[in-house]
Each structure stands twice: as structure tokens, then as C-alpha cells.
Amino acid sequence: MMENKNIILTGDRPTGPLHIGHYVGSLRKRVELQETGNYQQFVMIADLQALTDNYDNPKKIRENVMEVMLDYLAVGLDPNKTIFLLQSQIPALYQLPMFYSNLVTMARLGRNPTIKNEIKMRKFENNLPVGFMTYPISQAADITAFGAKYVPVGVDQLPMIEQTREIVSTFNRIYKTNILIEPEAILPDKEVCYRFIGTDGNTKMSKSLGNCIYLKDSSETIKKKIMGMYTDPNHLRVEDPGVTENNPVFIYLEAFATDEHFKKYLPEYKNLQELKEHYERGGLGDVKIKKFLNNVMQEILEPIRTRRDEFEKNKEYIFEILEKGTKFSIDYTNCILNKIKEAIGIDYFLNDDFKEEYVHHYKIKSK
Ligand code: ATP
Ligand code: MG
């Protein structure tokens with residue numbers, strides 16, 4: 001199944017159901033890559049990483065593991081092509097961070113902009129758990145344990161990939177090997193999806209911030225969230241000229257609306273460019289564009305929700321997929337782990353090298 005194929009690894013924290021930011025930032029790309037047939041993709045539920053800032057609430061993580069699995073299957077990740085696994089059950093992922101943490105300085109970790117930001121968001125400044133601070137090292141372990149070459153992610157993950165690349169090159173240099181592969185991020189096609197904005201229009205859509213449209217939201221909930229979205233705060237009357245840049249409704253349309261959607265729901269405009277021009281000239285109301293966005297989002301999310309509901313009737317199947325993928329991943333990563341141990345020289349009982357060295361040495365001494 002795996003030979004001669006580049007490996008892809010990605011994952012999501014089981015801290016809540018997945019949202020449309022995940023969809024445009026990574027999930028859509030994973031499905032696309034899966035369908036090329038050119039890669040072996042592993043998709044990991046990152047429950048260990050979720051523990052680093054939810055250590056006092058493991059119940060929340062446990063409850064969301066299957067939610068995330070359902071979202072995966074709903075968007076079209078296919079268990080016949082993609083391997084799903086649960087991070088906390090893979091022994092190699094506990095061992096590698098121990099080796100890699102020797103190769104990273106505290107100062108380097110502290111410079112990671114994503115971590116800095118997340119520490120602030122979680123108000124961890126004065127009680128920062130070591131586990132949270134070092135999760136980039138654990139992420140390097142995840143990526144390298146699978147020998148992954150590609151990681152489809154949103155832009156917030158670039159500093160993590162960069163950290164992994166540094167660890168890989170340091171490791172290969174110090175232990176004079178080339179077994180670790182430097183991974184590359186695969187970003188979404190459209191720039192508005194790099195860091196998809198929340199419905200509040202302020203920051204990244206994130207489970208932790210409550211500004212999400214979830215893949216599993218009901219049709220009414222989606223409509224309510226869209227009709228309540230921010231637009232241009234100075235666009236008070238329909239005839240006023242409006243600003244489309246940084247306007248969340250236009251950002252969402254950029255990410256989701258196709259020319260076919262225009263034909264179907266808003267035929268007086270050919271495409272987004274024409275709609276934008278009208279809004280900027282004045283004479284186009286917010287309600288009209290929100291209603292259009294709602295039609296587009298309903299069309300995209302309805303089949304995802306239907307598939308999700310179908311899968312939800314078959315919980316045993318989902319459990320089996322996750323268990324099977326995890327068991328496969330345990331063996332698979334152990335093989336790579338053993339090679340890494342060999343490179344470091346702590347492969348004592350994995351082969352006869354150590355025994356021979358020791359016995360040979362002993363023979364010389366006793367002569
Ligand atoms: P949490 O708030 O618990 O950190 P999250 O919503 O940030 O959750 P993660 O599980 O941390 O989600 O992210 C999983 C993947 O989805 C990552 O590759 C991340 O880059 C991507 N992603 C998450 N949110 C967005 C977003 N708003 N825009 C683009 N990509 C995103
Ligand atoms: Mg996150």
C-alpha cells in the first residue's frame with residue numbers, strides 16, 4: 001500500500017467539532033490530495049496536543065474524538081484511501097520528543113510567533129505548562145514518526161513546520177544520517193483561506209473563540225450566523241459606497257462562491273468581481289449579499305451534513321476505522337522509531353551490534 005508514495009500527515013485537535021475554517025484551510029486540500037492517488041495520507045486526531053491546554057478537562061477531548069472522525073468522513077476523507085489514527089495511542093510519539101528536545105533551545109521555542117499568540121490567548125503568561133510550550137517539538141515527532149514529506153495546513157502552522165525542518169536538519173547533521181525528511185507545508189489555494197476569519201470579523205476562526213460556523217451546524221443555525229455577520233461598519237444605507245476589503249462576507253464569498261453559484265442564485269452578476277464593484281459603487285445592500293452567501297453555504301454544507309448524519313448511524317464502523325488505523329500506525333511508526341534509535345546509537349537490543357561490540361571488547365580485555 002505504501003511503497004514509493006510520498007507520505008502526508010495532518011491532524012486536528014479534538015477540542016470541538018470542525019468548522020469551515022478547517023474546511024478551507026486544510027480539509028478541502030486533504031480530500032483533493034487523497035483523490036490524486038499519488039500519496040499515502042495519515043490523518044491524526046491530536047488528542048495529546050489537545051491535552052497540553054486542556055489537561056484539566058480530558059472529558060472534553062474524549063467527547064470530541066468521534067465528532068472529529070464524523071467530520072472527516074462527512075467531508076469526503078475515505079477510509080479506503082486515508083489512514084486515521086489517535087495520537088495518544090502511538091508509543092513512538094512519546095519517545096521522539098525526548099530525543100528532539102535536546103536539539104532545540106528554550107530561546108528558539110520562545111520565538112515561535114504562533115506559540116506566543118496562543119499563550120496570550122489562553123492567558124498562560126504566568127502559569128505556562130511546559131507541555132504547552134514544547135508542543136512544537138511533539139509536532140515534529142508526529143511529522144517525522146510517519147516520515148511525512150507534506151503537511152496540508154493553515155498558515156498558523158508554518159512556524160511549526162519550520163521548527164520541524166530545523167529539528168530534522170540538526171538531527172541529520174549531528175547523527176550523520178539522512179533518515180529524517182524535511183517536511184513541506186501545503187497551503188490552501190486561495191490566500192483568504194490561509195487564516196480564515198471568524199464570523200466576528202476580528203480573528204482566525206477557532207474553536208476556542210466561539211466565532212465558528214461548524215460543518216455540522218443545522219441549516220437554521222448557519223442562516224442565523226450568516227445574517228448576523230459583520231460587513232463594512234460604515235455601510236449604513238444601501239446607496240452608500242461600501243468597502244469589500246477585509247469585509248468578512250466578501251472574504252467568505254471569495255472562499256466559497258463559484259460562478260455557477262452566481263448563475264443559480266444571483267444571475268444579475270456574472271461573478272464576485274462584478275458584485276464587489278457594485279458594492280463599492282454603492283446601491284447594494286448587506287442583506288442581499290448575506291442572503292447570497294447563505295445560499296452558497298447551504299449548498300456546500302447540506303451534503304456534508306447529510307453524510308455526517310448517515311455515518312452517525314453507524315458508530316461501530318467509525319470506531320473500527322479509527323482502531324484499525326491506529327494499530328497500523330503503531331507498527332508503522334515503530335519501524336521508523338527503530339531507525340532513529342539506530343542513528344543515535346541507542347539501538348542496544350534491536351540488533352546484535354551492541355552485543356558484538358561488548359563481547360569483542362571483553363575478549364580483547366581478557367586476553
Ligand atoms: P483550537 O482552537 O482548539 O486550537 P482550531 O480551530 O485552531 O482549534 P486546530 O485543531 O488547532 O483548530 O487546527 C487544525 C488544522 O486546521 C490546522 O492545520 C490549522 O492550520 C487549520 N485551521 C484551523 N483553523 C483555521 C482557520 N481559521 N483558517 C485556516 N486554517 C485553519
Ligand atoms: Mg489551533
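Whatever order the structure lists ligands and atoms in, that order sets their numbers, starting from 1. Below, all heavy atoms of this structure are taken into account, side chains as well, without hydrogens, waters or symmetry copies. Count residues from 1 along the sequence.
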Quick one: nearest non-hydrogen protein atom to [atom], plus distance?
atom: atom 31 (C) of ligand 1; answer: Gly21 O, 3.7 Å
atom: atom 19 (C) of ligand 1; answer: Asp156 OD1, 3.5 Å
atom: atom 2 (O) of ligand 1; answer: Ser208 OG, 2.4 Å
atom: atom 17 (C) of ligand 1; answer: Gln157 CG, 4.0 Å
atom: atom 14 (C) of ligand 1; answer: Asp12 OD1, 3.2 Å

May I ask you to say whether [X] pairs ionically with [Y], meaning some side-chain N is under 4.0 Å from a carboxylate O?
X: Glu67; Y: Arg62; result: no
X: Lys264; Y: Asp259; result: no
X: Lys29; Y: Asp189; result: yes

Measure the distances from the heavy atoms of [X] to every atom of ligand 1 and state whether one is below 4.0 angstrom.
X: Gln49; value: no
X: Cys193; value: yes
X: Glu118; value: no
X: Gly198; value: no

Students often mix this up, so state it plainly: with edges at 30° and 60°, are the rings of [X] and [Y] parallel, tilted or perpendicular?
X: Tyr135; Y: Phe132; result: perpendicular
X: Phe146; Y: Phe42; result: tilted
X: Phe354; Y: Tyr348; result: perpendicular

At a 4.0 Å threshold, what atoms of ligand 1 neighbour a non-hydrogen atom of [X]?
X: Val153; answer: 18 (O)
X: His19; answer: 6 (O), 24 (N)
X: Gly25; answer: 29 (C), 30 (N)
X: Thr15; answer: 3 (O)

Decide side chain to side chain contact (heavy atoms under 4.5 Å, CB included) for Val151 and Met160; before the verdict, give the C-alpha distance in whole Å, the side-chain angles of both, and the deciding distance to 0.1 Å.
-> CA-CA 11 Å; Val151 192; Met160 306 301 165; over 6 Å; no
Which is closest to [atom] in terms of heavy atoms, [options]?
atom: atom 13 (O) of ligand 1; options: Met205, Lys29, His22; result: His22
atom: atom 8 (O) of ligand 1; options: Lys207, Met121, Arg195, Arg122; result: Lys207
atom: atom 7 (O) of ligand 1; options: Arg13, Met160, Lys204; result: Lys204

Please walk me through it: do Thr199 and Lys225 pass side-chain hydrogen bond (donor to acceptor under 3.5 Å, both in side chains)?
-> CA-CA 7 Å; Thr199 49; Lys225 288 180 179 173; over 6 Å; no
Any nitrogen or oxygen of Arg30, main chain or side chain, under 3.5 Å from a nitrogen or oxygen of ligand 1?
->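 No; every N/O pair is 3.5 Å or more apart.
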What about Phe196: any of its N or O atoms under 3.5 Å from an N or O on ligand 1?
->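 It does: an N or O of Phe196 is found under 3.5 Å from an N or O of ligand 1.
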Taking it one step at a time, do Gln139 and Gln157 satisfy side-chain hydrogen bond (donor to acceptor under 3.5 Å, both in side chains)?
-> CA-CA 10 Å; Gln139 222 166 305; Gln157 292 301 307; 2.7 Å; yes
Tyr279/His235 under side chain to side chain contact (heavy atoms under 4.5 Å, CB included): CA gap, chis, key distance, verdict | CA-CA 9 Å; Tyr279 192 80; His235 187 244; 3.2 Å; yes
Can a cation-pi geometry be assigned to Arg28 and Phe256, taking NZ or CZ under 6.0 Å from the six-membered ring centre and within 45° of the ring axis?
->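 Yes - Arg28 lies over the ring of Phe256, closer than 6.0 Å to its centre and within 45° of its axis.
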